[in-house]
Peer 1: 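Below you'll find the structure I mean.
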Amino acid sequence: MFDKEVYIRRRRALKERLAAEGEKGIAIFIGNAEAPAQYKDNCYKFRQDSSWLYFWGINEPFFAAIIDLESGRETLYADDVEIGDIIWMGPQPSVSSKAARVGVEASAPYGDFDKAVGKAVAQARMVHFLPPSRYFNTVRFMELLGLGRDEVASSASLPLTKAVIAMRLVKEPCEIEELDKAGELGQEMHSVGRDSIRLGIVEQEIVGKMEAVTLAKGWGVSFPTILTQHGETLHNHLHDKVIEPGKLMVIDAGAEIESGYASDFTRTYPTGGKFTPRQRDVYQIVCDCNEFAFSITRPGITYREVHLRTMGVMLEGLKALDLVRGNVDDMVAEGIAGLFQPHGLGHNMGLDVHDMEDLGENLVGYDPDQKRSTQLGLGSLRMARRLVPGHVITDEPGIYFIPALIADWKAAGKGEGFVNYAKLEAEYLDFGGIRLEDDVLVTADGARRTGPNRLPIQPGDVEDAMAAAR
Ligand code: GLY
Ligand code: MN
């Protein structure tokens, strides 16, 4: 948790933004509840709602809060423990002391939150709320505001959502410190993963060792670990395969630290420790794309342009391998890169590994004058905005040979005249995939990677690191 001044300042800034838009009424916030895994006393590990953490800091279930946008009054709602709770949980600080810790003067029992919202509704005051990320909170909004399930998301407050996005998109210095810590832990986790690769063991063994690092020093993983010899399946969460020689292993994983901030890195390793010439050729293209994207990332450029120019570098490389033919600019415009990289170059990162996607992917990742493409690949770009200092984004190009997608495009006549289907089919259908990902902070005059210990990425450095662990 940050100093209380951080939360006071954020809430003040939020009120000022909404006042500047002429917004009135109340803004309501609901923290996450415990989520039962099997029955009510056996829950999933608690994870607080990220916007709640950002404004109210308290990392505990069953809290709610109201900001009166007209009086400026802030009230925190939660129940003090009783003797029945103390038996199971031990003594707990009072709700009022927790409120004081984050600079909130007024607190009240949780049940009063429903009454206060009900009163505002009865008075026909505007009730602003964020789109909920969890079903529990969807149900709460249904109850509080008399909404149908399908009405909750569309009834969320656009002014509040936009104000929160604008604030959370640009990271403060105290957040950047946390993101560097999350980066350091993610890098340690990945180093353990890389050094554990051995032929003949099952993938899950490596996953376990990596996740032990994040659990020992942080909150856990920032998303379910992707570790697979089938990297062509972008989000492959199966870890049941024995590690075989001659394969490529994609490890896409990140750490979340106790403050809730995330990291997200991807590296791809030759299972036996040495790339084959064919693997190295494709790997080098992805590596060049990662370095190129970083080299042009700076304030003023859009991440859409970084994506597109990086796809140009990728297509140049694929052209040198005779996997595509023709004018590279034409191929970029036609979306040919989508056959090889059917995802975007990156996404925002912060308290969520895909930061704020619960608030709306396009609102978060696109400027008002930007329209999302429908092309495969570019259409999955989650962060397209014009960059400003304080944005934290991922740089994660990849090349994948997806047999079903290649067959699909060929059958549909897509990419005809550009894509060398004969060579792809003869030589690459068993290749797998490669992805290389770093986390990047946009600075005043360029960019820097977060986390102090960048993981080896050039093919020779990767082979050296693997050899050193054997
Ligand atoms: N690293 C997982 C993702 O970006 O979706
Ligand atoms: Mn990512």
Side-chain angles (χ1 to χ4, degrees), residues 47 50 133 169 171 179 182-183 185-187 189-190 193-194 203 206-207 210-211 214 218-228 230-239 248-257 260-269 286-287 289-290 293-294 297 303-304 306-307 310-311 338 341-359 361-362 364-365 372 376-385 387 391-400 402 432-442 447 449-451 454-455 457:
R47 174 56 159 88
S50 294
S133 59
L169 262 181
K171 272 60 184 180
L179 286 161
L185 188 54
Q187 287 161 341
M189 172 186 178
H190 268 265
R194 179 196 62 231
E203 294 161 341
I206 306 176
V207 175
M210 292 176 70
E211 297 193 358
T214 61
W219 183 83
V221 291
S222 54
F223 59 96
T225 297
I226 297 162
L227 186 148
T228 176
H230 281 284
E232 75 280 10
T233 304
L234 300 186
H235 278 184
N236 195 339
H237 292 300
L238 293 174
H239 310 127
L248 289 170
M249 174 173 285
V250 170
I251 304 184
D252 181 349
E256 179 171 320
I257 56 173
Y261 287 85
S263 60
D264 181 8
F265 300 109
T266 310
R267 288 294 185 265
T268 304
Y269 299 105
V286 183
C287 190
C289 287
N290 174 294
F294 177 71
T297 295
Y303 214 50
R304 183 179 189 278
V306 179
H307 171 103
T310 303
M311 293 305 97
Q341 187 194 293
H343 62 73
L345 182 64
H347 49 85
N348 286 288
M349 267 217 5
L351 280 165
D352 306 326
V353 69
H354 284 199
D355 211 22
M356 297 180 280
E357 283 186 6
D358 55 329
L359 303 183
E361 256 184 65
N362 291 349
V364 172
R372 194 156 174 160
L376 186 66
L378 182 58
S380 293
L381 182 62
R382 300 175 133 97
M383 171 54 168
R385 282 179 182 269
L387 300 178
H391 279 158
V392 176
I393 50 191
T394 63
D395 166 14
E396 53 177 309
I399 293 180
Y400 315 88
I402 306 171
I434 296 172
R435 179 163 61 252
L436 298 172
E437 176 178 28
D438 293 311
D439 303 337
V440 174
L441 165 70
V442 181
R449 298 183 179 96
T450 58
R454 190 181 184 210
L455 296 159
I457 191 167

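We count ligands from 1, going down the list as the structure has it; atoms in each ligand are counted the same way.
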Peer 1: When you draw lines from the Mn ion (ligand 2) to OD2 of Asp264 and to NE2 of His347, what angle lies between them, to the nearest 10°?
Peer 2: 90°
Peer 1: Could you verify whether a donor N or O on one side chain and an acceptor N or O on the other, from Asp264 and His347, lie under 3.5 Å apart?
Peer 2: yes
Peer 1: Under a 4.0 angstrom heavy-atom cut-off, which atoms of ligand 1 come close to Glu437?
Peer 2: 1 (N)
Peer 1: Any luck finding a side-chain donor-acceptor pair between Glu256 and Thr214 under 3.5 Å?
Peer 2: no
Peer 1: Any nitrogen or oxygen of Thr266, side chain or backbone, less than 3.5 Å from one on ligand 1?
Peer 2: no
Peer 1: Restricting to N, O or S, what is the name of the atom of Glu437 that lies nearest the Mn ion (ligand 2)?
Peer 2: OE2
Peer 1: Parallel, tilted or perpendicular for Phe265 and His190, by the 30°/60° rule?
Peer 2: perpendicular
Peer 1: Return yes if a side-chain donor-acceptor contact under 3.5 Å exists between His391 and Tyr303, otherwise no.
Peer 2: no
Peer 1: Judged on heavy-atom distance to atom 3 (C) of ligand 1, which of Arg435, His354, Glu396 sits nearest?
Peer 2: His354
Peer 1: Assess whether atom CZ of Arg435 is packed by more than 12 heavy atoms of other residues, nucleotides or ligands within 6.0 Å.
Peer 2: yes
Peer 1: With the Mn ion (ligand 2) as the reference point, give the N/O/S atom of Glu396 that is nearest.
Peer 2: OE2
Peer 1: Examine ligand 1 and decide if any of its atoms is less than 4.0 Å from a heavy atom belonging to His343.
Peer 2: no
Peer 1: Under a 3.5 Å threshold, yes or no: a donor from one side chain and an acceptor from the other, between Asp352 and Ser50?
Peer 2: yes
Peer 1: Within the 4.0 Å heavy-atom shell around Asp252, which atoms of ligand 1 are there?
Peer 2: 1 (N), 2 (C)
